[in-house]
Amino acid sequence: MTPTPEDLDIVAEQLGRAPRGVLEISYRTPDGQPAVVMTAPKLDDGTPFPTLYYLTDPRLTAEASRLEVAQVMKWMEQRLGEDAELARDYRAAHEHYLAKRNAIEDLGTMFSGGGMPDRVKCLHVLIAYALAEGPQHIRLGTEAVALAAEHGNLRGTAIPADWPTVDELGIDLEEAGEGLA
């Protein structure tokens, strides 16, 4: 949805600075706040900005950071190396991300975001991507959102009440990260 001036004001407040290159609000929280913006592949000044989906809601960004500190990325990346189906899903999500971004403007790079397709480098990107695209599009992003909902008590406020749960996804909190269980 095209951002309104009010949306951009809220995003500026969330970020603590004027947002750049916002094309749309790709996800709104259940309580109505803009939370993920789609950004132009190149900013107005020509600077490349390969991050298509950018997480803005402070509740979600704080929880993404907490999950990163809990070593969730390490757990996810280990599974990528062991689970061929998960690796295929992650590669397909990477290719979809590139196709969607390149349809707006091709940056001539294979960099997508979050470490895709081989690494898990940023949960902020994976959470933004999953919230923008929906829970059936990128498994690791769906899991990161479920962990944020559970660990950050964000279900129904910043995350949809019907987002898959950690139990439904078969996530063992003791394996997923330090201090999550």
Side-chain angles (χ1 to χ4, degrees), residues 1-68 89-117 120-149 152-164:
M1 130 184 338
T2 302
T4 65
E6 293 81 19
D7 288 333
L8 295 175
D9 288 344
I10 292 169
V11 171
E13 187 175 319
Q14 291 172 333
L15 297 174
R17 62 169 174 76
R20 302 173 300 157
V22 176
L23 300 175
E24 72 175 34
I25 305 298
S26 296
Y27 170 74
R28 285 184 188 279
T29 63
D31 58 14
Q33 296 299 304
V36 175
V37 297
M38 178 186 284
T39 57
K42 283 190 182 173
L43 302 178
D44 290 341
D45 66 1
T47 303
F49 195 83
T51 304
L52 181 64
Y53 295 118
Y54 197 85
L55 194 62
T56 64
D57 185 285
R59 298 166 294 182
L60 293 167
T61 59
E63 191 54 34
S65 294
R66 286 179 31 190
L67 293 173
E68 287 180 354
D89 175 83
Y90 203 52
R91 179 160 296 281
H94 162 75
E95 291 168 0
H96 175 78
Y97 189 103
L98 286 176
K100 194 156 191 176
R101 187 188 69 208
N102 290 347
I104 299 166
E105 184 171 359
D106 192 337
L107 294 177
T109 179
M110 293 303 290
F111 174 79
S112 56
M116 291 185 283
V120 180
K121 189 175 132 184
C122 180
L123 294 182
H124 296 77
V125 168
L126 295 183
I127 289 172
Y129 185 10
L131 288 170
E133 294 281 338
Q136 302 309 317
H137 191 74
I138 177 172
R139 172 70 189 207
L140 292 179
T142 300
E143 290 178 2
V145 173
L147 287 166
N153 197 26
L154 299 176
R155 188 173 300 279
T157 56
I159 296 170
D162 62 350
W163 194 270

Mind jotting down which residue pairs meet the salt bridge (charged side-chain N to carboxylate O under 4.0 Å, His left out) criterion with at least one end in [range]? Sequence neighbours excluded, please.
range	answer
residues 13-27	none
residues 121-134	Lys100-Glu133
residues 55-66	Asp31-Arg59, Asp57-Arg59, Glu63-Arg66

Under 3.5 Å, side chain of Glu68 to main-chain N/O of Leu123, donor-acceptor pair present?
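Checking the backbone N and O of Leu123 against the side chain of Glu68, a donor-acceptor pair under 3.5 Å is found.
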Donor-acceptor contact present, side-chain Arg155 to main-chain Ala161, <3.5 Å:
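Such a contact is found between Arg155 side chain and Ala161 backbone.
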Non-neighbouring partners of [X] that pass side chain to side chain contact (heavy atoms under 4.5 Å, CB included), sequence neighbours left out:
X	result
Ser65	His124
Thr47	Leu43, Asp45
Met110	His94, Leu98
Pro19	Leu8, Val11, Ala12, Leu15, Val22

I need the minimum non-hydrogen distance between Pro34 and Gln14, along with the two atoms involved.
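Between these two residues, the closest heavy atoms are O-NE2, 2.8 Å.
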Of all the heavy-atom pairs spanning Pro30 and Gly156, show the shortest one and how long it is.
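Heavy atoms of Pro30 and Gly156 come nearest at CB-O, 3.4 Å.
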Rounded at 0.5 Å granularity, tell me how far [atom1] in [X] sits from [atom2] in [Y].
X	Y	atom1	atom2	answer
Thr142	Leu126	OG1	CG	10.0 Å
Leu154	Thr29	CG	OG1	10.0 Å
Tyr97	Phe111	OH	CZ	7.0 Å
Gln33	Thr157	CD	OG1	11.0 Å
Ser112	Leu107	OG	CG	11.5 Å
Ile127	Leu67	CD1	CG	6.0 Å

Suppose we screen for salt bridge (charged side-chain N to carboxylate O under 4.0 Å, His left out). Which residues come up paired with [X], at least two apart in sequence or across chains?
X	value
Asp89	none
Asp9	none
Glu143	Arg79, Arg139

Residues which pass ring-ring contact (aromatic ring centres under 6.0 Å, His included) with His137, listed by chain and number, not counting sequence neighbours:
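ring-ring contact (aromatic ring centres under 6.0 Å, His included) check on His137 returns His96, Tyr129.
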Are the side chains of [X] and [Y] in touch, meaning some heavy atoms are under 4.5 Å apart?
X	Y	result
Val145	Leu131	yes
Tyr90	Leu140	yes
Val125	Thr51	yes
Thr61	Thr56	no
Tyr27	Tyr53	no

Going through the distances and angles, do Leu60 and Ile159 end up as a side chain to side chain contact (heavy atoms under 4.5 Å, CB included)?
CA-CA 9 Å; Leu60 293 167; Ile159 296 170; 3.7 Å; yes
Under the side chain to side chain contact (heavy atoms under 4.5 Å, CB included) criterion, do Ile138 and Met116 qualify, and how do the steps go?
CA-CA 11 Å; Ile138 177 172; Met116 291 185 283; 4.0 Å; yes
Under the rule for side chain to side chain donor-acceptor pair (under 3.5 Å), what residues qualify as partners of Asp106, not counting sequence neighbours?
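Asp106 satisfies side chain to side chain donor-acceptor pair (under 3.5 Å) with no other residue.
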